[in-house]
Number of protein chains: 2
Amino acid sequence: MKWRSACPICSALDVLGDRWTMLIVRDLIVHGPRTYSELLDSREGIATNILADRLSLLSSLMLVERVNPDSPARNNAFRLTKGGEALRPVLEGLGKWAQVNLKNFHQDMLRMPDSPKKRK
Amino acid sequence: MKWRSACPICSALDVLGDRWTMLIVRDLIVHGPRTYSELLDSREGIATNILADRLSLLSSLMLVERVNPDSPARNNAFRLTKGGEALRPVLEGLGKWAQVNLKNFHQDMLRMPDSPKKRK
DNA sequence: CCGGATCCTTGTCGATACTG
DNA sequence: CAGTATCGACAAGGATCCGG
């Protein structure tokens, strides 16, 4: 892990500040524990390598963990730890901010997080 | 602007979910109005083209504006609009989250946002 | 099948040089 | 000082492959 500075906000962004990480956290917050392929099916369509990468980063920082640490990977879901769960108010704040402040630029925005799309 | 989905959280991240945009917002929150080169001097060292890019994106979404809209660019600072200022609680939440949940991985993290570094 | 790893292409980032 | 142009490096995205 590479930290750009000692600023807490910057450190948070060093971990979460990319196009996908917070969306994975969002899915785990909204749906609860979720398997690899359920996360893959999330509407925005993350690629398999990116998903695996981010899950392993989040695991290494103790923000996400396996539901059954010692059983085989198959159907073994991921879930948020306490630390990951603590992001809930931040994500909710972001969502509410977007509804108010981006609505003029994005007509179709929904009121709340929604359901998965079909996989190709 | 390209929106990945109708989810508000995802839309917020379509705008803010990269390594730099929220850091620019952070600087404007912490310091108030700030010129291009003051923003450049921010401790993390953003590149000139990225800074210009992000400022123009934030302007187009009405989150940032010029302090003197009609005067020449030189020494004409940027500041947050109401919509940009509304991100303050979100950023504060992120910072507090990082202080609690990343402290084991990043020993040197500070308590609060801090002062600029010297430019190279 | 499911959970990834690998490879390859494409696009974006980021450093620096340069211009008005 | 406030940006733009350029170009190499690197990350994202997509397809496919592979072990259990």
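Since the model is a prediction, treat every value here as computed from it, not as a measurement. Naming: A, B, ... by sequence-line order, numbering from 1 per chain. Values below: every heavy atom of this structure, side chains too, minus hydrogens, waters and symmetry copies.
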Validation: residues 45-56 of chain A side-chain donor-acceptor distances under 3.5 Å, sequence neighbours left out:
{"from": "A:R54", "atom 1": "NE", "to": "A:D18", "atom 2": "OD2", "distance (Å)": "3.2"}
{"from": "A:R54", "atom 1": "NH2", "to": "A:D18", "atom 2": "OD2", "distance (Å)": "3.4"}
{"from": "A:S56", "atom 1": "OG", "to": "A:D53", "atom 2": "O", "distance (Å)": "3.4"}

Practice problem: Sort and list the pairs that fulfil side chain to side chain donor-acceptor pair (under 3.5 Å) and have at least one residue in residues 101-110 of chain B, not counting sequence neighbours. | Solution: A:S11-B:H106

Quiz item: Any side-chain N or O of A:S37 less than 4.0 Å from the OP1 or OP2 oxygen of C:dG3?
Solution: yes

Quiz item: For the residue pair B:A98 and B:M109, what are the closest heavy atoms and their distance?
Solution: O-CE, 3.5 Å

Quiz item: Where along residues 11-22 of chain A does a heavy atom come under 4.0 Å from DNA chain C, residue by residue in number order?
Solution: none

Exercise. Could you state the atom-to-atom distance from CG of A:L51 to P of C:dG3 in whole Å?
Key: 10 Å

Quiz item: With B:R19, which residues qualify under side-chain hydrogen bond (donor to acceptor under 3.5 Å, both in side chains), at least two apart?
Solution: none

Quiz item: So, for A:R34 and A:L28, which heavy atoms are closest and what is the spacing to 0.1 Å?
Solution: CB-CD2, 3.8 Å

Quiz prompt | Stepwise side-chain hydrogen bond (donor to acceptor under 3.5 Å, both in side chains) test for A:N75 and A:T35 | solution = CA-CA 6 Å; A:N75 289 334; A:T35 66; 5.7 Å; no

Quiz item: Nearest heavy-atom pair of A:W3 and B:F105: which atoms, and what distance?
Solution: NE1-O, 3.3 Å

Quiz item: Rounded to whole angstroms, how far apart are CD1 on B:I50 and P on D:dA5?
Solution: 15 Å

Self-check item: For DNA chain D, the residues among residues 55-66 of chain A that have a non-hydrogen atom under 4.0 Å from it
Solution: none

Practice problem: Write down the distance between OH (B:Y36) and P (D:dC1), rounded to a whole number of angstrom. | Solution: 12 Å

Self-check item: Nucleotide of C:dC13, D:dA12, D:dT4 approaching B:A52 most closely (side-chain heavy atoms)
Solution: D:dT4

Quiz item: Taking CG from A:L40 and P from D:dG13, how many angstroms apart are they, rounded to a whole number?
Solution: 13 Å

Practice problem: Using the test side-chain contact (heavy atoms from CB on, under 4.5 Å), find all partners of B:V67 that sit at least two apart in sequence or belong to another chain. | Solution: B:P33, B:N76, B:A77, B:R79

Quiz item: Can you check the A:F78 CZ to C:dC2 C1' distance for me, whole Å?
Solution: 12 Å

Quiz item: What heavy-atom pair brings B:E65 and B:L80 nearest, and what distance separates the two atoms?
Solution: OE2-O, 4.4 Å

Quiz item: For B:W97, which residues count as a ring-ring contact (aromatic ring centres under 6.0 Å, His included) partner, sequence neighbours excluded?
Solution: none

Quiz item: In chain order, what residues pass the side-chain hydrogen bond (donor to acceptor under 3.5 Å, both in side chains) check against B:R4, with sequence neighbours excluded?
Solution: B:D14

Quiz item: Under 4.0 Å between a side-chain N/O of B:R4 and OP1 or OP2 of D:dG13, yes or no?
Solution: no

Quiz item: Taking side chain as C-beta onward, heavy atoms only, is A:L23 less than 4.5 Å from A:S42?
Solution: no

Self-check item: Test item: B:S60 and B:L57 side chains (from C-beta on) under 4.5 Å apart, heavy atoms
Solution: yes

Self-check item: B:K2 NZ - C:dT12 C1' separation (whole Å)
Solution: 16 Å

Self-check item: Proximity to the side chain of A:T48 - top-ranked nucleotide from D:dG3, D:dA15, C:dC13
Solution: D:dA15

Quiz prompt | Length of the CD1-P vector between A:I46 and D:dG13, whole Å | solution = 8 Å

Self-check item: side-chain hydrogen bond (donor to acceptor under 3.5 Å, both in side chains) partners of B:R88, counting only residues at least two apart
Solution: B:E85

Quiz item: Counting N and O atoms only, with roles assigned by atom type, does the side chain of A:S37 sit under 3.5 Å from a partner on the main chain of A:L40, one being a donor and the other an acceptor?
Solution: no

Quiz item: Would you find a donor on one side and an acceptor on the other, under 3.5 Å apart, between the side chain of A:T81 and the backbone of A:M62?
Solution: yes

Quiz item: Charged N to carboxylate O below 4.0 Å: is that the case for A:E92 and A:R26?
Solution: no

Return the polar atom pairs (N/O with N/O) between nucleotides 6-10 of chain D and the protein under 3.5 Å, or none.
none

Between the protein and nucleotides 9-11 of chain C, list every N/O to N/O distance that falls short of 3.5 Å.
none

Restricting both atoms to N or O, compile the protein contacts to nucleotides 17-20 of chain D shorter than 3.5 Å, with distance only.
{"from": "D:dG20", "atom 1": "N2", "to": "A:R74", "atom 2": "NH1", "distance (Å)": "2.3"}

Practice problem: Specify the separation, in whole Å, of atom CG of B:D53 and atom P of C:dC13. | Solution: 7 Å

